[in-house]
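The structure appears right after this line, and notes come after that.
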Amino acid sequence: MTDMQTNHIIALENLAIGYDKGNALLSGVNLSVRPGEMVALIGRNGTGKSTLLKSMIGLVPMMDGACYLDGDPLHSYDLRKRAQKVSYVSSQVSQLPSISVLELVTLGRMPHTGWMGRLEEQDRSMVTQALEEVQMGSFLNRKLDQLSDGERQRVMIARAFVQDTPLMVLDEPTAFLDIPNKYELIRLLTGFREKGKSIVYSTHDLETAMMCADKLWVIHRGQILEGAPEDLGISGVFNRLFDATGITFDEDVRRFKYTESPKGSIQLMGEPEHALIWTGSALERLGFEVKDGADSLIQVSKSEQGYGWLLSHNERTISFENIYNLARFLIKDK
């Protein structure tokens, strides 16, 4: 066995994936995940993200190559043994209207309870803990069709958690979640990682992935690039992902921005600092460059009455009580 096969929870060697033998989505894929590692899979729609995740855990047949799960060939595992090694959360929201939240999450213990499916106290405790972890503890008796898409997705993640596998694979787990719950889920997955689990998940949210993933897999032009977020940032791959789209990656703030001809430059002065930051963000969003010495000047101030913005522009001085009104003026004036 190679070092990759024995020291990684999953290892892909010369993997080819797809549904048409004459036209693989990806080929020659060599990737690995270490125990306790969090990997985010990034790529544009149609590049093969879901197919890759399904292929590497046996849900879709591989076209070529090999996959090793915890040191052994994937094909050597029967379904039950495989379910004890890897859990999976689909991007498709479960449609099982007659089953309750408790019943669905309890199914995650099946690989460990035997064919009788008899739960011990430890099993029940894990189910309760998982539901509390995803903030669904008060929904035990709700049917799935009584939940929102985001709530159903959290229940599916709880089911995967109680499966208690060393590897968790999730296909776009944040797709149906609002912003607070999206970040809460990432925090939850990070907690699983810190407890020793390996996490592989696909996402379109590159900025969040860069905050928490140990490693990124980036699909670009039929190839996969692998590395720490910072290593890939140095390589310039994030800008190449969106070439010819009018979007660039700002390395200073690690955010994507639209690139277009500047509408002009504006100098920004005043206090407090956080108000300057938000004002500068608004100007950049509108297409203005924040630049010292510009002909136009915005001064930000704070008083007992609140914040104020004073624009000196074209020999006029105009005051605004909020950024919205300032922005509307700038758009109209320009």
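Contact of the Leu167 side chain with the Lys85 side chain is not registered, since no non-hydrogen atoms from C-beta on lie closer than 4.5 Å. Side-chain contact between Lys332 and Arg328 is absent, with no heavy-atom pair separated by less than 4.5 Å. Looking only at side-chain heavy atoms (C-beta outward), Leu12 and Ser32 stay at 4.5 Å or farther from each other. Annotation: side chain of Leu102 is not in contact with side chain of Phe139 (no heavy-atom distance under 4.5 Å). Leu216 places none of its side-chain heavy atoms less than 4.5 Å from the side chain of Val39. In this structure the side chain of Phe320 never reaches within 4.5 angstrom of the side chain of Leu310, judged on heavy atoms. Inter-residue side-chain proximity for Leu69 and Tyr77 is flagged as met; some heavy-atom pair is nearer than 4.5 Å. Side-chain contact between Trp217 and Val29 is absent, with no heavy atoms from C-beta onward closer than 4.5 Å.
In this structure a side-chain-to-backbone donor-acceptor pair under 3.5 Å is missing from Ser55 to Leu52. Side-chain N or O atoms of Gln299 include none that pairs as donor or acceptor with a backbone N or O of Met269 at under 3.5 Å. Side-chain N or O atoms of Thr190 include one that pairs as donor or acceptor with a backbone N or O of Ile186 at under 3.5 Å. Judged purely by atom type and a 3.5 angstrom limit, Arg159 has no side-chain atom pairing as donor or acceptor with the backbone of Gly108. A donor-acceptor pair under 3.5 Å links the side-chain atoms of Ser202 to the main chain of Glu172, judged by distance alone. Between the side chain of Ser235 and the backbone N or O of Leu232 there is at least one donor-acceptor pair closer than 3.5 Å. In terms of modelled atom types and a separation under 3.5 Å, the side chain of Thr47 and the main chain of Arg44 share a donor-acceptor contact. Proximity of a side-chain donor or acceptor of Asn181 to a complementary backbone N or O of Asp178 within less than 3.5 Å is not detected. A donor-acceptor distance shorter than 3.5 angstrom exists from the side chain of Ser198 to the backbone of Arg34, with no hydrogens or angles considered. Using a distance-only test at 3.5 Å, with no hydrogens or angles considered, a donor-acceptor pair links the side chain of Asn30 to the main chain of Gly28.
Using a 4.0 Å cut-off between charged nitrogen and carboxylate oxygen, Lys291 and Glu284 do not count as a salt-bridge pair. Glu37 and Arg193 are not joined by a salt bridge, as no carboxylate oxygen comes within less than 4.0 angstrom of a charged side-chain nitrogen. Salt bridge annotation for Asp164-Lys197: present, with a cationic side-chain nitrogen under 4.0 angstrom from a carboxylate oxygen. Ion pair Lys49/Asp171 not flagged as a salt bridge, since none of the NZ, NE, NH1 or NH2 atoms sits closer than 4.0 Å to an Asp/Glu carboxylate oxygen. At a threshold of 4.0 Å, the pair Asp145-Arg152 does not count as salt-bridged, since none of the basic side-chain nitrogens sits closer than that to a carboxylate oxygen.
Evaluation of the side-chain hydrogen bond (donor to acceptor under 3.5 Å, both in side chains) rule for Asn325 yields Asn322 as partners, not counting sequence neighbours.
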Worksheet item: Between Glu271 and Ser301, does a side chain to side chain contact (heavy atoms under 4.5 Å, CB included) hold up when you go through it step by step?
Response: CA-CA 6 Å; Glu271 57 182 20; Ser301 61; over 6 Å; no
Discussion item. Does Leu74 form a side chain to side chain contact (heavy atoms under 4.5 Å, CB included) with Arg82? I'd like the steps, not just the answer.
Written reply: CA-CA 8 Å; Leu74 182 65; Arg82 189 185 306 173; 4.0 Å; yes
Discussion item. For a side chain to side chain contact (heavy atoms under 4.5 Å, CB included) check, start with the C-alpha distance between Leu147 and Val155, then their side-chain angles and the critical distance, and finish with the verdict.
Written reply: CA-CA 10 Å; Leu147 304 178; Val155 171; 4.0 Å; yes
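Side-chain contact annotation: Thr165 with Gln163, donor-acceptor N/O pair under 3.5 Å absent. Glu103 and Ser100 are linked by a side-chain donor-acceptor pair at a separation below 3.5 angstrom, with hydrogens and angles left out of the test. Using a 3.5 Å distance cut-off with no hydrogens or angles, the side chains of Thr279 and Trp309 do pair a donor with an acceptor. The closest side-chain donor-acceptor pair between Asp295 and His313, if any, does not fall under 3.5 angstrom.
Atoms NZ and CD1, from Lys54 and Ile17 in turn, are 11.0 Å apart once rounded to the nearest 0.5 Å. Taking CD1 of Ile318 as the start and CG of Leu326 as the end, the distance is 9.5 Å to the nearest 0.5 Å.
Leu297 and Phe288 fall into different hydrophobic clusters, where Ile, Leu, Val, Met, Phe, Trp and Tyr side chains are chained together by heavy-atom contacts under 4.5 Å.
A side-chain contact (heavy atoms from CB on, under 4.5 Å) with Ile266 is found for one member of Leu286, Val290, Leu330 and no other, namely Leu330.
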